[in-house]
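Below: one structure, written as structure tokens.
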Amino acid sequence: MLTLRRPLIILSIIALLLLIPFIGMQFSNEVHWSVFDFLVAGGLLTITGFAIDFVIRKTKSVNRRFLLIAAIALLFLLIWIEIAVGLFGSPIAGS
């Protein structure tokens with residue numbers, strides 16, 4: 001039971017985060033997400049969530065844990081920004 005609880009919590013948080021743009025689409029014409037956008041965001045959030053969970057479970061040092069989680073969060077933000085606005089002009093941004 002305990003081993004199934006962590007993934008369910010992570011997936012529940014991801015679902016709640018994805019509800020934000022979904023609800024925004026219902027009330028505003030400014031939010032335009034397609035099914036593909038939700039799939040990409042869900043995949044990116046899932047990879048990030050499980051990577052952070054892996055670091056928390058496997059590292060013993062608090063300093064190392066903090067640095068690895070910060071690195072994962074920074075990588076997540078850089079990828080998210082690149083997908084959203086093409087900050088670096090890479091092929092994943094559609095440039």
Side-chain angles (χ1 to χ4, degrees):
M1 176 77 176
L2 187 62
T3 58
L4 186 60
R5 188 172 178 187
R6 287 179 92 135
L8 285 177
I9 291 171
I10 293 169
L11 293 174
S12 298
I13 291 169
I14 292 167
L16 287 173
L17 287 172
L18 290 174
L19 272 175
I20 295 169
F22 181 75
I23 292 171
M25 287 173 44
Q26 309 307 312
F27 295 105
S28 172
N29 292 329
E30 300 294 321
V31 182
H32 302 287
W33 279 36
S34 67
V35 174
F36 182 72
D37 295 329
F38 281 100
L39 289 174
V40 170
L44 190 57
L45 287 168
T46 301
I47 290 168
T48 303
F50 283 108
I52 290 172
D53 180 54
F54 180 78
V55 167
I56 289 170
R57 286 185 292 114
K58 297 296 181 183
T59 56
K60 302 296 180 203
S61 168
V62 175
N63 290 336
R64 182 175 295 233
R65 184 180 296 171
F66 175 77
L67 288 173
L68 288 172
I69 290 173
I72 292 168
L74 180 64
L75 183 61
F76 167 79
L77 288 174
L78 287 173
I79 293 171
W80 190 277
I81 291 168
E82 179 61 23
I83 291 172
V85 296
L87 184 64
F88 306 112
S90 72
I92 65 171
S95 302

Which pairs of donor and acceptor atoms, one on a side chain in residues 22-31, lie under 3.5 Å apart (sequence neighbours left out)?
| from | atom 1 | to | atom 2 | distance (Å) |
| --- | --- | --- | --- | --- |
| Gln26 | NE2 | Phe22 | O | 3.2 |
| Ser28 | OG | Glu30 | N | 3.0 |

Counting only pairs under 3.5 Å, give me each side-chain donor-acceptor contact of residues 66-77, with atom names and distances, residues two or more places apart or in other chains.
none

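Contact of the Thr48 side chain with the Leu45 side chain is not registered, since no non-hydrogen atoms from C-beta on lie closer than 4.5 Å. With contacts defined as side-chain heavy-atom distances shorter than 4.5 Å, the pair Thr59/Phe54 does not qualify.
Neither Leu8 nor Ile47 shares a network with the other; the hydrophobic side chains, linked directly or stepwise wherever heavy atoms of I, L, V, M, F, W or Y lie under 4.5 Å apart, form separate groups for each. Under a hydrophobic clustering in which Ile, Leu, Val, Met, Phe, Trp and Tyr are joined whenever their side-chain heavy atoms come within less than 4.5 Å, directly or via other members, Leu39 and Leu16 fall into different clusters. Following chains of ILVMFWY side-chain contacts shorter than 4.5 Å, one can reach Trp80 starting from Ile13, so the two form part of one hydrophobic cluster. Ile14 and Val55 end up in different hydrophobic clusters when Ile, Leu, Val, Met, Phe, Trp and Tyr side chains are linked at under 4.5 Å. There is a path of hydrophobic side-chain contacts, each under 4.5 Å, that joins Leu17 to Phe50.
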